[in-house]
Each structure stands twice: as C-alpha cells, then as structure tokens.
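Below, chains carry the letters A, B, ... as their sequence lines are ordered, and counting in each starts from 1.
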Protein chains: 2
Amino acid sequence: MIYVKNRGIFRSSAAALRGNPLQQPVSRPPTKITCSACTLRDLCMPLGLSKGEMIQLEQLSSVKRAFKRGDFLYRNGTPFTSLYAIRMGFFKTQVLHEDGREQVTGFQMAGEVIGLDAISGDVHPCDAIALEDSEVCELPFAQLETLSRELPVLQRHLHKLMSREIVRDQSVMLLLGSMRAEERLAAFLLNLSERYAARGYSPTAFQLRMTRQEIGSHLGLKLETVSRTFSAFQENGLISVRSKSVELIDLPGLRAFFAQQTL
Amino acid sequence: MIYVKNRGIFRSSAAALRGNPLQQPVSRPPTKITCSACTLRDLCMPLGLSKGEMIQLEQLSSVKRAFKRGDFLYRNGTPFTSLYAIRMGFFKTQVLHEDGREQVTGFQMAGEVIGLDAISGDVHPCDAIALEDSEVCELPFAQLETLSRELPVLQRHLHKLMSREIVRDQSVMLLLGSMRAEERLAAFLLNLSERYAARGYSPTAFQLRMTRQEIGSHLGLKLETVSRTFSAFQENGLISVRSKSVELIDLPGLRAFFAQQTL
DNA sequence: CGCAACGTTGAAATTCCTCAATTCACGTGG
DNA sequence: CCACGTGAATTGAGGAATTTCAACGTTGCG
C-alpha cells in the first residue's frame, strides 16, 4: 500500500463505534493536560504569554472531553457556554435547513477552535460532529472574556481567531460561488494538504476523514460528482485515491486549476 | 409608478458621479455627530452604556467620511486600521481571484459594521465599494480594543458583531451550496426586505442598489440567470420588477421556496 | 457470512451558462 | 431640450456541467 504512512494517531481505532445514541461524550475522567505542555499551543493559543498568564489560561481550560466518531460536540439550538479547542481528532460543522438539506460549513482539525459562531445568539447555530475519535479542551467563554480584558495578548488573539473564521468562510463563498467541480475539489485537497503540513504530517498522503457525501455537501456538489471528479483526477495522474486514502501526486497540477482556468 | 415610495434619503442624487478615479472620499470636513443622537445607535453600538461611557465611545468614533458611488472604502491589500460603521448608504464587499473572477461576499447597509475580516491579517482581504452616496463613521480598531477592555458591554458587543458575521456567512454558504437559482433569489429578496423593515423602510417596495451582475456574483449565478428569474417571479405574480425597482407582492409565495421545495 | 453504509460508474434529465441580438435607462454633449 | 452613446437589462437558442436515477462493487462490522 502506497497510501497513508503517517498520521497514525489520527486513524480511527478499529473499535470506533458508529456514534453513540446518547450524544454524550464517552465517560472518561477529565484529563489535566497543561497548555504549556501541549504541542498544539502555537495553533490555538496566543504566543507571548508570561508563565503566570499561561497558568491562568490553563486553569480556565482544564476540562478535556473525549468523543467517538459520530458524537455531537454540540447541537444546533443548544445553549452556548464554551468554545472548544480541538486537541486531537477531526470534526465537521453543519447547518441544517428545515427541509432536511444540510450544508457542511467546515471540517476542523487539531489545534483549531470551534464554536465562535454561537457567541452572537447565545445558542449554537449549527451541529458539530466528531468524524473520528477526538478530544477537545473546553474554554468557558464568559471566563475567557473576563481574562481577555486583563491580557491584551489574549484579547487580540481571540479577535484574530474570529476574524480568521470570517476570512475562511469568505473563501468558501468564493469557491461555492464561482468555481467548477474540478476546481472546488482541487482547492479542497490543497487546503487539507496545507493544514496537514502545518501540523507536521505529510502534505501529500493522508486519509480522508469524511465521506464523499460530506465532501460534496461542503463543496456544493453531489456525492456522485465528487466520486467522478476523484476518478478523473486519478486518470490524469494528479492524485491516487482509493476509498479514503488519498495521495497527491501532482501538486502543481492541482494548483493549476486556479491561475490558468479562465485565461 | 407603483414602485418605490420611501427610502428617499437613500436614493442616489442625480448628480452622483460615476465614481471618482482617485478613490479618495470626497473632501468634506469631518462632521461631528454624536452616537447618542444617531438614529442607528441600536444597530451598530451596544445598548446599556452609561452617559460617560457613551461619550468615550463618541470621542473614538467621531470621524465621518463621505463617499460617492463607486468609491472604495478600502481596498484589498491595504493596511487595516479601522472598522467602519455605515451611517448612510450602501456598500458591497468583494474578494477577487487572481484570474479576475470576483465574488461579492455581501451587501452592507446603514447601521452595519464593516471591516471585521481584516483583523486577522492586519490587511484588508477584500474591497469595499460604495453603491450609492454614503457616509461612514471610522472606528480606529486599536482604540476600540483598548476601550473594550474597560467596558465589558462594548467587549461583548464587538464579539457579537464578529460572531454574527460568521453566522451570516454560513447562511450564504448554505444558499450557495444547496439552493437552486429561484431559491437563492427569493432568499436574497427576503433578506433585503427584512433589513429594510428593521430600518423602518417598506419591506415590500425598494430600490435595488446593485446591478444584476453584482446580485449574480453574490448568489453564484450569471446575470442572465438573475434577470430571467426576476422575470419568472414577475410572471408568477410574486414580485413586480422594473429595472432596479422591486415590489414584493407575494411574500408567503416567496417564502414558500424554502419549506416546500424538497418535500 | 451477511447486512448496511459507502463508493463507483453509466445513461438520461435538468439546470444553468454561453453567445448573441435587442431593448431600456440614463447621463452627456450638441 | 433632445439626440446620442454607453452600460445595464431582457430574451432566445444552443450547449455544457452537474444532478438524478439506477445498478453494481467494496468495505467493515455484527
């Protein structure tokens, strides 16, 4: 097998359940892991905090929760209390339309902070669902706000997190509004690639954590179109796919879907 | 003419220029208009400030700038210094792709705060362009951050503004990702309708401030499709359109494009 | 071993886009 | 004040991209 060499810790355990019906995280005693010892610190928390400030932050975010594939981190309509920093694993967020249509608004991986969209209404406007066994740090928002009044660095960081989310959403809008299926999928793969690279994993070989249907929902395509486009990429030697294993063979070729397309 | 009865102050003056080539706001001495006297206070600023606090805020936001149709409020790539509260008028924000494709990410009207997406990168990631003669209050962001450390109400408000922007963007993603042309346009019209209503204008008769091309860019459609869909709505008695004048005749009929569509 | 969800592929149908011609609205200059 | 020019909008016909419907293969777990 050529595919998938690294990211071992991200692989779903063979025992992963199909999602637990109670939507409760599996009971596991809340672990205490310090932010200062966390390898993801740079991604989710601000740099430049003093030791004392770091400790304040750790006290706030001490609660960790574990999830199995299919578990809800939070649900559309439930009260907002906390943001969540993903320590490990993979989530999707989705909004549901009354008529049953769903839109996957994003896929989130370790080091990313999730739940910012709930601040405005005090209620979560979407679902967040684990796509593999995952762990999050809970960040009670009221306390985070209080602390950020004392720590300008933290305040600034929080603002940047929210703003970055807006920018990300805008680039998805660009994708959905003006790209063809091939371009959308290429952009999607390259985006995953960059994010894996930023976390020290191979940017060219990884396991997809989501189904074709979920990719399609995120990209505004039907699952058949996603599947066909994967196959087309493979025939053109751009990638190698087999089910959820992907290898990006021709990165420049994938990138070419943007600059050149409309010339 | 049945169309357009109110919103007089929003109408472009006959003398409106085609946009000024220097992209500078027309020189007009900065007017001092107090927030406390502003009719839009409820929309852009937090409620519950004491008189003294309100004054602090006013000192920060006293600069007003006037724009003519076509002027840039800010440009993609320019340094970020301030947020802008729209006092009067209408703007669009758009992101540009290298190859020339553009995506209108939103239309903003009086009372809305614009520029939040620039916080993350210290540079504006998009263009903001006036669609009619407009005026904004400049809110220097560094000062806003400082003040919001002292005024929890302001801090909370700022967080809600950003979060609301994320939620808005997500609903546009839902629109772009899973709706048909008719649904997109119905959603667009109903959204405008609500926002006019919130400002005391007629929710059923208004002037479009943007071209078919701009509507199309925002909704992920070509201008011809927008035009055709308008005509189809008119034939079905849902609306009455003539160029930029729109009257929504059958609101329930327009709303029906959602709940019923996929049943 | 067999079910059930996931994934692939083909053919037909649909939606939206492209290209093109024409009309309309509006600001400018004669 | 009207004619003209230009950009905006409408409409039609044909074509392309994506969806829909359907059949079949694959994978993983009970």
Send over the distance from [X] [atom1] to [N] [atom2], rounded to a whole Å.
| X | N | atom1 | atom2 | value |
| --- | --- | --- | --- | --- |
| B/R184 | C/dT15 | CZ | C1' | 11 Å |
| B/R228 | D/dT10 | CZ | P | 11 Å |
| B/R242 | D/dA8 | CZ | C1' | 14 Å |
| A/F230 | D/dG25 | CZ | P | 23 Å |
| A/Q207 | D/dT27 | CD | P | 13 Å |
| B/E182 | C/dC17 | CD | P | 13 Å |
| A/E224 | D/dA22 | CD | P | 12 Å |
| B/Q213 | C/dC17 | CD | P | 12 Å |

message: Less than 4.0 angstrom between a side-chain N/O of A/K222 and OP1 or OP2 of D/dT20, yes or no?
response: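 For A/K222, the contact criterion (side-chain N or O under 4.0 Å from OP1 or OP2 of D/dT20) is met.
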
field: B/T225 side-chain N/O to C/dT15 phosphate OP1/OP2 under 4.0 Å
entry: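 No, B/T225 has no side-chain N/O under 4.0 Å of OP1/OP2 on C/dT15.
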
field: Cationic N near anionic O, under 4.0 Å, B/R75 to B/D127
entry: no

- prompt: Start at the 5' end of DNA chain C and walk down; is the nucleotide closest to B/A181 or to A/S227 reached first?
  reply: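 Looking at the nearest nucleotide for each, A/S227 comes out on the 5' side.
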
Taking any heavy-atom pair under 4.0 Å as a contact, classify [X]: base, sugar-phosphate, or nothing.
| X | result |
| --- | --- |
| B/L223 | base |
| B/G220 | sugar-phosphate |
| B/T211 | sugar-phosphate |

Quick one: which of [options] gets closest to the side chain of [X]?
| X | options | result |
| --- | --- | --- |
| B/R180 | C/dT15, D/dT11, C/dT9 | C/dT15 |
| A/K244 | C/dC6, D/dA9, D/dT19 | C/dC6 |
| A/R212 | C/dC17, C/dT8, C/dT9 | C/dT8 |

- prompt: Given that B/E235 and A/S243 both sit by DNA chain D, which one's nearest nucleotide is further toward the 5' end?
  reply: B/E235

- request: Quick one: sort the B/Y201 and B/Y196 rings into parallel, tilted or perpendicular, breaks at 30° and 60°.
  value: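 Aromatic pair B/Y201/B/Y196 classed perpendicular.
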
message: Angle between ring planes, B/H218 versus B/F107, binned at 30° and 60°: parallel, tilted or perpendicular?
response: perpendicular

field: The single option from B/L251, B/L248, B/L254 passing side chain to side chain contact (heavy atoms under 4.5 Å, CB included) against B/L238
entry: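 Checked B/L251, B/L248, B/L254 against B/L238; only one passes side chain to side chain contact (heavy atoms under 4.5 Å, CB included): B/L254.
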
Closest heavy-atom pair and its distance - A/V241, A/V246: CG1-CG2, 3.9 Å

